[in-house]
Every structure is written in C-alpha cells, then in structure tokens.
Amino acid sequence: MKKIFIFLVVLIACTTSVKAASVCSYEDQNKIMQQTTNVKPTYEIVTETVESDIPIDVKRLNVSILNVTEDLYVKVKNDFNNEEKTYSYSDAQDGTIAFRWDNINKVTNFVIEVYSSSKTKCPDELYKTTYFSTPRYNEFSKRAICSELTDFYLCQEFVTFSEISESRFLEQVDNYKKGQIKEDGKPSEEPKSTSFSDKLKKFLGDNKWFIIGGVVIVAGAGVAIYFINKKRKIRNRGL
C-alpha cells in the first residue's frame with residue numbers, strides 16, 4: 001500500500017433480469033444482454049484547488065458508468081439523499097456517463113439499473129442491476145501517528161468502512177504497534193507451539209473420537225476371539 005492506496009470498487013452483485021413477456025425476440029434480447037454485460041461503474045478521486053486568499057485543495061469523486069450504448073439507459077439511485085436520476089446515451093460521451101460526487105464524508109451505496117431504450121423493440125425492460133459503493137474521507141489519516149503507519153488500514157486517506165470513535169482508533173493503533181493485529185486490522189496469528197507434549201495433546205484432542213472408536217473395535221475383536229477360542233477348545237474336548 002506504501003502511500004499508494006488502491007481503492008476497491010465494490011461490485012457486490014450483478015444480476016441480469018429479462019421480462020418473461022418481452023416483446024423482443026430471443027435474438028434481440030441476447031443482443032441487449034451482451035451490451036449490458038459491459039456496463040460497469042467506477043470512480044476516481046480528484047483534487048481541485050479552490051482559489052481564495054489562501055488556495056485550498058478540495059477532494060471529490062468523479063463517478064463514471066462505462067459502455068452505455070444507444071440501446072440502453074440507466075437509472076442511478078443512492079442511499080445518501082435517496083436521489084434517483086436517469087441517464088441516456090445522449091448524456092454520455094464516447095459511451096461513458098459521468099457525474100460529480102461531492103459527498104466524501106460518508107460511504108455511499110449506489111444501485112445502478114440498466115434498461116433497454118426506445119431504440120430497441122422492447123423498451124423500458126430491466127436487464128441488469130449493479131450495486132456499487134464509493135469511499136469516504138478518513139479524518140484520522142491526518143494524524144501525526146499515521147505518518148509512521150502508512151500501511152495501517154485506519155490511516156488510509158479514503159476508506160470503505162463506517163466511522164469509528166476516537167477511543168477505538170487509538171486502541172487499534174496501539175494493538176497494531178504491539179503486533180496484535182495486522183495492517184488490515186485482522187488478528188495476528190498466534191505463534192504455534194513446538195513442544196511434543198502440546199502436539200500430542202492437540203493430536204489426541206483432534207482425533208479423540210477416532211481413537212475411542214479404534215479402542216472399542218479392538219476390544220470387541222478381542223472379546224470375540226476369546227469366545228471363539230473357548231468354543232473351539234470345548235468342541236475339541238468333546239464337551
């Protein structure tokens with residue numbers, strides 16, 4: 001990660017849904033479906049300088065929806081202000097629909113629905129739904145301690161997890177410096193014991209039912225052999 005933060009575009013699920021009563025032929029539907037497969041959202045973080053007495057750098061997001069064709073249009077909804085907007089091919093430039101997103105204080109979840117347009121024989125049919133998230137700016141990244149912990153997940157400039165408290169931040173930083181958690185916040189692996197007694201205890205614990213079953217089988221076999229031999233001796237004596 002070293003000062004270069006790779007922003008993960010969260011594409012949780014992409015499903016294709018064609019109406020059963022579509023006016024289009026299967027051939028036309030397949031053509032539309034192939035186009036919707038290529039429709040993908042993405043974003044980039046942009047820094048703008050606002051001119052004033054003291055120029056200020058302001059960060060924002062550019063959201064893009066790629067590969068929109070004349071046969072398609074998209075509806076975009078978000079959970080920040082519940083706004084819904086519709087974009088058609090006429091809004092695109094070289095097949096890319098782009099809009100500015102200024103909300104960097106909260107992770108925003110988008111739902112992008114792809115429909116067939118009036119250019120097709122079956123307009124206004126939903127063909128694909130994509131779920132997509134943009135990150136939020138992490139205020140903790142400005143802390144002095146973060147200049148020493150550039151790889152730590154709580155020190156990244158943009159993040160996709162919910163806000164945490166000051167005490168939680170300090171606690172996690174302390175845990176990371178002690179080696180109790182890794183860069184991504186997950187627990188560090190505990191050192192494995194190499195002593196024979198510990199290995200034997202673990203082996204017996206992990207395999208106790210197999211061992212018990214084996215003992216029962218051996219014991220049962222021993223009892224069976226005992227009675228078989230006893231009967232044989234009695235027969236040989238003519239009893």
Side-chain angles (χ1 to χ4, degrees), residues 1-14 40-50 52 54-66 76-82 98-112 130-208:
M1 286 187 275
K2 284 265 180 178
K3 292 190 177 181
I4 298 177
F5 187 80
I6 300 175
F7 301 106
L8 299 178
V9 176
V10 182
L11 299 176
I12 303 172
C14 295
K40 296 176 182 178
T42 186
Y43 68 86
E44 65 174 336
I45 296 168
V46 178
T47 302
E48 290 183 344
T49 301
V50 177
S52 60
I54 301 176
I56 302 172
D57 287 340
V58 177
K59 294 184 182 293
R60 63 177 177 83
L61 301 173
N62 280 344
V63 177
S64 299
I65 304 172
L66 311 177
V76 181
K77 308 171 189 175
N78 71 76
D79 67 352
F80 175 67
N81 55 15
N82 296 316
F99 59 90
R100 174 176 176 146
W101 189 250
D102 292 310
N103 171 42
I104 62 170
N105 296 319
K106 177 185 175 185
V107 174
T108 304
N109 301 304
F110 290 86
V111 178
I112 300 173
T130 296
Y131 302 91
F132 168 75
S133 297
T134 53
R136 66 175 177 85
Y137 180 73
N138 177 24
E139 290 287 343
F140 291 126
S141 65
K142 297 187 297 185
R143 298 293 180 89
I145 187 64
C146 281
S147 64
E148 305 171 17
L149 308 175
T150 55
D151 291 338
F152 189 44
Y153 82 111
L154 289 181
C155 285
Q156 302 308 308
E157 189 174 31
F158 280 85
V159 296
T160 55
F161 53 82
S162 301
E163 292 186 35
I164 62 171
S165 65
E166 170 87 8
S167 60
R168 179 61 175 167
F169 170 73
L170 295 175
E171 177 188 11
Q172 286 293 82
V173 167
D174 188 50
N175 290 338
Y176 178 59
K177 293 174 74 173
K178 289 178 180 177
Q180 295 175 354
I181 60 175
K182 297 187 288 187
E183 293 172 355
D184 58 3
K186 295 180 181 178
S188 299
E189 293 183 5
E190 295 182 4
K192 297 180 180 179
S193 173
T194 55
S195 69
F196 175 78
S197 60
D198 286 343
K199 287 183 178 180
L200 180 60
K201 287 178 183 177
K202 187 176 186 309
F203 174 80
L204 294 175
D206 292 343
N207 299 279
K208 63 182 179 180

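Since this is a predicted model, take the numbers as computed values, not measurements.
- Between Gln156 and Ser141, the shortest heavy-atom distance links the atoms O-CB, 3.5 Å.
- At least one side-chain heavy atom of Ile164 sits less than 4.5 Å from a side-chain heavy atom of Leu154.
- Among Tyr153, Tyr176, Phe152, Phe140, the single residue meeting the ring pair (Phe, Tyr, Trp, His ring centres under 6.0 Å) criterion with Phe169 is Phe140.
- For the pair Pro41 and Ile112, the tightest heavy-atom approach, listed with the atom from each and the gap, is CB-CD1, 3.5 Å.
- Distance alone, capped at 3.5 Å, places no donor-acceptor pair between the Asn109 side chain and the Tyr131 backbone.
- Considering all non-hydrogen atoms of both residues, Leu149 and Cys155 come closest at O-CB, 3.4 Å.
- Legend: residues meeting side chain to side chain contact (heavy atoms under 4.5 Å, CB included) with Glu163, ordered by chain and number and at least two apart, are Arg136.
- Two residues are said to be in side-chain contact when any heavy atoms from C-beta on lie closer than 4.5 Å; Phe110 and Tyr43 fail this criterion.
- Separation of atoms OG (Ser165) and CD (Gln172) is listed at 10.0 Å; rounding is to 0.5 Å.
- Aromatic pair Tyr137/Phe158: centroids less than 6.0 angstrom apart.
- With respect to the salt-bridge test (charged N to carboxylate O, under 4.0 angstrom), the residues Lys177 and Glu148 do not qualify.
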| message | side chain to side chain contact (heavy atoms under 4.5 Å, CB included), that's the test. Do Asp57 and Lys59 meet it? Break it down for me. | response | CA-CA 7 Å; Asp57 287 340; Lys59 294 184 182 293; over 6 Å; no
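- When side chains are defined from C-beta on, Ile104 does not count as touching Asp102, because their heavy atoms never get closer than 4.5 Å.
- The shortest distance between side-chain heavy atoms of Pro135 and Val159 does not fall below 4.5 Å.
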